[in-house]
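Values reported hereafter were calculated over all heavy atoms of this structure, with side chains retained and with hydrogens, waters and symmetry mates removed.
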Amino acid sequence: MSKFDKIIGYETIKNELLQLCDMIHNKEIYERLGANLPQGVLLYGAPGLGKTLMAKCFIEESGIPSYTIRRNKGNDDFIGNITETFNAAKENAPSIVFLDDMDKFANEDDRHRDAEEYVAVQAGIDEIKNTNVFVFATANDIYKLPDSLIRSGRFDRRIEVFAPTADDASRIIKHYLKKRKVSDNVNMDDLAKMISYSSCAELETILNEAAIYAAQARKESIEMEDLIKAVLRMEYRSPDNYTKTSEEDIKRIAIHEAGHLVVCETLCPGSVGFASLRVTGRNGAGGFVHRCTDLPRIQCDILVSLGGKAAVEMYFAEAGADGCQSDIRRAFENIRDAISENGVRGFSMIDVANHRFPDTSENMNARNEAVVHAELERYMLKTRDILLKNREFLETTSAKLIEKETLLHSDIKAIRDSINLVEVAI
C-alpha cells in the first residue's frame with residue numbers, strides 16, 4: 001500500500017513523486033550512477049485540485065520529519081519563522097521543508113516579487129543545499145513568484161496540476177458517493193457528463209449539496225433529481241426558486257438551446273452532456289448547453305455558437321432570444337482569430353497594400369472586418385443547412401426540453417438514436 005493511494009487519478013504526478021520518494025529511500029543506488037535528489041519540487045495549479053494532499057502524501061511516503069511553513073503570521077514574525085524553520089530542518093536532516101501556498105507568502109501582486117518573504121525563502125533554500133533537506137512547495141499562481149526563486153537549482157522540478165480528466169472525475173465521484181446512500185436511479189454516466197471538472201473540491205461540494213437536498217426532503221437516499229438540482233445550483237448558479245418566463249419565451253429559449261445542441265451533436269455525436277432551460281448566472285440568462293467533450297476544430301465551435309440564432313430565425317419573426325448577441329460575438333471573435341492565424345479563401349488579416357501605395361490602418365481594418373463579416377455569413381448559411389437537414393432532431397429536442405426542462409446525456413442519446421441524423425461536412 002502506498003500513501004498515494006489516497007489520491008484518485010493523477011497517475012503521472014503520483015509516479016513522479018514516488019520516484020522522488022524512492023530516491024530518498026535508496027539514495028546510494030542513485031548516487032552510484034551520479035544521480036542526486038533534486039533540490040526541490042513545486043506543484044502549481046488552480047485552487048482545489050489537491051496539491052496540499054499530494055504534498056502530505058509525499059511526506060508520509062518519504063517517512064522522514066517535515067517542517068511546514070504556511071502564511072499565518074505578520075510580516076516580521078513570518079520572516080523570522082521562515083528562517084527558523086529552515087534552520088531546524090537543517091539541524092534535523094534528513095528532513096523536508098513544506099512551503100504550502102508559497103504564492104501567498106507575500107502580497108498577492110506580481111509587482112511584489114522581491115518581497116522580503118521570498119528573499120527569506122530563497123536564502124533558506126540556499127542555506128540547506130547539500131545538507132539532505134528536501135524542499136516541497138505548492139502554489140496556485142507561479143507568476144506571482146520571482147523567477148530567481150523557482151529556477152533550477154532551487155526548484156529542479158516544477159509540476160503543473162490540472163483539473164481532473166473525465167475518467168478521473170468519474171472515479172472521484174464514485175469515491176465520494178461511497179460515503180453516502182445513493183438511490184439505484186442515479187446514472188453515474190449522466191452525472192459524470194453533466195459536471196465541469198474544475199476541481200476535486202468542487203466535485204465534493206456538489207455531491208454534498210445533493211445530500212443536503214435529499215435530507216431536507218426526508219428521503220432515504222440521494223436521488224438523481226437531487227444531484228441535478230445540486231449541479232444546476234453549484235455549476236450554473238441557477239437558483240432553486242426562479243421566476244419562469246411566459247410560454248412564448250420558453251418556446252423561444254427551447255428552440256435556441258436545441259439549435260446549439262443539434263449542431264453540436266451533428267458535428268460531434270455524444271459531445272453534449274447536459275442541457276437545460278433553467279436560468280443561469282447573475283443576469284438570469286435563460287438556458288444552456290454543456291459539452292462533455294471538446295469539439296475537434298474551431299470551425300465546429302463557430303457553427304455551434306450560431307446554432308441558437310439560426311434556430312430562432314427558423315421559427316420566430318425576430319431573433320431576440322437571450323444569448324443571441326453573446327453567441328454572435330463568440331462566433332465573430334473565433335472567425336477573426338482563425339483568419340488571423342490561417343487566412344481564408346485568398347484573404348488574410350494582414351495589410352495587403354504594396355509599399356508604393358501605402359494604405360491607412362483604417363482602410364486595412366475595414367477590409368479585415370469585411371472579410372470576417374463575409375465568413376460569418378458563410379458560417380451562418382452552413383449552420384442553417386445543418387438545422388434544416390436535421391429539422392426532426394431540432395423539433396424533438398425542443399419539445400423534450402419544454403417537457404422535462406433539463407436533458408441528461410442519456411436523454412440526448414435517446415433522441416439522437418430515435419431519428420435519422422444527417423451528417424453535414426464542414
Chemist: When you measure from the centre of the six-membered ring of F316, is the NZ or CZ of R252 closer than 6.0 Å and no more than 45° off the axis?
Modeler: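 Pair R252/F316 counts as cation-pi.
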
Chemist: Could you measure the distance from the CD1 atom of I8 to the NE2 atom of H175? Nearest 0.5 Å is fine.
Modeler: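 Result: 4.5 Å between the selected atoms.
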
Chemist: Verify whether the ring centers belonging to Y44 and F155 lie closer than 6.0 Å.
Modeler: no

Chemist: Would you call the rings of H290 and Y236 parallel, tilted or perpendicular if under 30° counts as parallel and over 60° as perpendicular?
Modeler: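 Plane angle over 60°, so perpendicular.
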
Chemist: Could you go step by step and tell me if K309 and E313 meet the salt bridge (charged side-chain N to carboxylate O under 4.0 Å, His left out) rule?
Modeler: CA-CA 6 Å; K309 176 177 172 60; E313 289 180 345; 2.8 Å; yes

Chemist: Looking at L394, is its backbone amide N or carbonyl O close enough to the side chain of S398 to form a donor-acceptor pair, meaning the two atoms are under 3.5 Å apart?
Modeler: no

Chemist: Any side-chain hydrogen bond (donor to acceptor under 3.5 Å, both in side chains) involving residues 412-426? Give me the pairs, sequence neighbours left out, ordered by first then second residue.
Modeler: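 Qualifying pairs: E265-R416, K413-D417.
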
Chemist: Thinking salt bridges, do D168 and R171 make one under a 4.0 Å N-O criterion?
Modeler: yes

Chemist: Taking the side chain as C-beta and beyond, is there a heavy-atom pair between K104 and R70 under 4.5 Å?
Modeler: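 A side-chain contact is absent here, since even the closest heavy-atom pair is not under 4.5 Å.
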
Chemist: Determine yes or no for a side-chain-to-main-chain donor-acceptor pair under 3.5 angstrom, with S238 supplying the side chain and R233 the backbone.
Modeler: no

Chemist: Using a 6.0 Å cut-off, check whether atom CG of D294 has over 12 heavy atoms from anything other than its own residue.
Modeler: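 It does not: D294 CG has 12 such atoms or fewer within range.
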
Chemist: So, for Y10 and A163, which heavy atoms are closest and what is the spacing to 0.1 Å?
Modeler: OH-C, 3.9 Å

Chemist: What's the verdict on side-chain contact (heavy atoms from CB on, under 4.5 Å) for E61 and S2, showing C-alpha distance, side-chain angles and the deciding distance?
Modeler: CA-CA 7 Å; E61 186 72 21; S2 165; 3.4 Å; yes

Chemist: Is a side-chain donor or acceptor of K51 paired with a backbone partner of A46 at a separation under 3.5 angstrom?
Modeler: yes

Chemist: Kindly say whether the aromatic ring centers of Y67 and F86 come within a distance under 6.0 Å.
Modeler: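 Ring centroids of Y67 and F86 are no less than 6.0 Å from each other.
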
Chemist: Would you say N390's side chain and V422's backbone share a donor-acceptor pair under 3.5 angstrom?
Modeler: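 Side chain of N390 to backbone of V422, a donor-acceptor pair under 3.5 Å: yes, one is there.
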
Chemist: Determine yes or no for a side-chain-to-main-chain donor-acceptor pair under 3.5 angstrom, with D156 supplying the side chain and G153 the backbone.
Modeler: yes

Chemist: In Å, rounded to the nearest 0.5 Å, how long is the span from CZ of F162 to CG of L49?
Modeler: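 Answer for the CZ-CG pair, F162 versus L49, is 10.0 Å.
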
Chemist: Flag the pair K389 / T266 as yes when at least one side-chain heavy-atom distance between them is below 4.5 Å, and no otherwise.
Modeler: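 Contact flag for K389/T266 side chains = no.
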
Chemist: Does any non-hydrogen side-chain atom of F136 lie less than 4.5 Å from one of L43?
Modeler: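 In short, these two side chains touch, coming nearer than 4.5 Å.
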
Chemist: Here's one to test your reading of the geometry: is the NZ or CZ of K14 within 45 degrees of the ring axis of F4 and under 6.0 Å from its centre?
Modeler: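 Relative to the ring axis of F4, which defines the angle, K14 lies outside at least one limit.
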
Chemist: Apply side-chain contact (heavy atoms from CB on, under 4.5 Å) to the pair F78 and I69, showing each step before the final yes or no.
Modeler: CA-CA 9 Å; F78 182 57; I69 300 176; 3.8 Å; yes

Chemist: At what distance, to the nearest 0.5 angstrom, does CD of E60 lie from NZ of K3?
Modeler: 5.5 Å

Chemist: Quick one: pull up CG in L261 and NE2 in H256 and give me the separation to the nearest 0.5 Å.
Modeler: 12.5 Å

Chemist: Tell me whether E403 is salt-bridged to K400, with the criterion being a basic N under 4.0 Å from an acidic carboxylate O.
Modeler: yes

Chemist: For the CD1 atom of I96 and the CD1 atom of I24, what is their distance to the nearest 0.5 Å?
Modeler: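 Output value for this atom pair is 5.0 Å.
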
Chemist: Under the criterion side-chain contact (heavy atoms from CB on, under 4.5 Å), I'd like the reasoning laid out for N208 against Y176: C-alpha separation, chi angles, the key distance, then a yes or no.
Modeler: CA-CA 9 Å; N208 188 62; Y176 288 141; over 6 Å; no

Chemist: Taking the side chain as every heavy atom from C-beta outward, state whether T138 and L99 have any pair of such atoms under 4.5 Å apart.
Modeler: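 No, too far: nothing below the 4.5 Å cut-off.
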
Chemist: Is it the case that the side chain of D22 and the backbone of Q19 share a donor-acceptor pair, with hydrogens and angles ignored and the cut-off at 3.5 Å?
Modeler: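 No: the side chain of D22 does not pair with the backbone of Q19.
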
Chemist: Within this structure, what is the OG1-CD1 distance for the pair T85 and I128, rounded to the nearest 0.5 Å?
Modeler: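 With rounding to 0.5 Å, OG1 (T85) is 12.5 Å from CD1 (I128).
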
Chemist: What residue among I222, I228, L227, D226 forms side-chain contact (heavy atoms from CB on, under 4.5 Å) with Y213?
Modeler: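 One option only clears the test, and that one is D226.
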
Chemist: What do the steps show when you test S183 against N185 for side-chain hydrogen bond (donor to acceptor under 3.5 Å, both in side chains), and what is the final call?
Modeler: CA-CA 5 Å; S183 169; N185 76 349; 3.0 Å; yes

Chemist: Please confirm whether the backbone N or O of L381 pairs with a side-chain atom of D385, one donor and one acceptor, at under 3.5 Å?
Modeler: no

Chemist: Show the nearest heavy-atom pair for residues H25 and S62, with the distance to one decimal.
Modeler: NE2-O, 2.9 Å

Chemist: Would you sort out whether K144 and D103 count as a salt bridge (charged side-chain N to carboxylate O under 4.0 Å, His left out), showing the intermediate values?
Modeler: CA-CA 6 Å; K144 291 176 181 174; D103 55 330; 5.4 Å; no

Chemist: Kindly indicate, with the supporting measurements, whether the criterion side-chain contact (heavy atoms from CB on, under 4.5 Å) is fulfilled by E117 and R71.
Modeler: CA-CA 10 Å; E117 292 87 348; R71 183 72 197 232; 3.2 Å; yes

Chemist: Keeping D190 on the side-chain end and S410 on the backbone end, is there a donor-acceptor pair under 3.5 Å?
Modeler: yes

Chemist: If only atom types and distance count, is the side chain of R278 paired as donor or acceptor with the main-chain N or O of F288 below 3.5 Å?
Modeler: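 No; zero donor-acceptor contacts below 3.5 Å.
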
Chemist: Taking the side chain as C-beta and beyond, is there a heavy-atom pair between D301 and R291 under 4.5 Å?
Modeler: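 Result yes, sub-4.5 Å side-chain heavy-atom pair found.
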
Chemist: Just one of I302, L303, L376 clears the side-chain contact (heavy atoms from CB on, under 4.5 Å) bar with N334, so which one?
Modeler: I302

Chemist: Ignoring hydrogens and geometry, is there a side-chain-to-backbone donor-acceptor pair from S95 to A89 under 3.5 Å?
Modeler: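 Here the side-chain-to-backbone pair exists.
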
Chemist: Any Lys/Arg nitrogen of K56 or D100 sitting under 4.0 Å from an Asp/Glu carboxylate oxygen of the other?
Modeler: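 So K56 does not pair with D100 through a salt bridge.
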
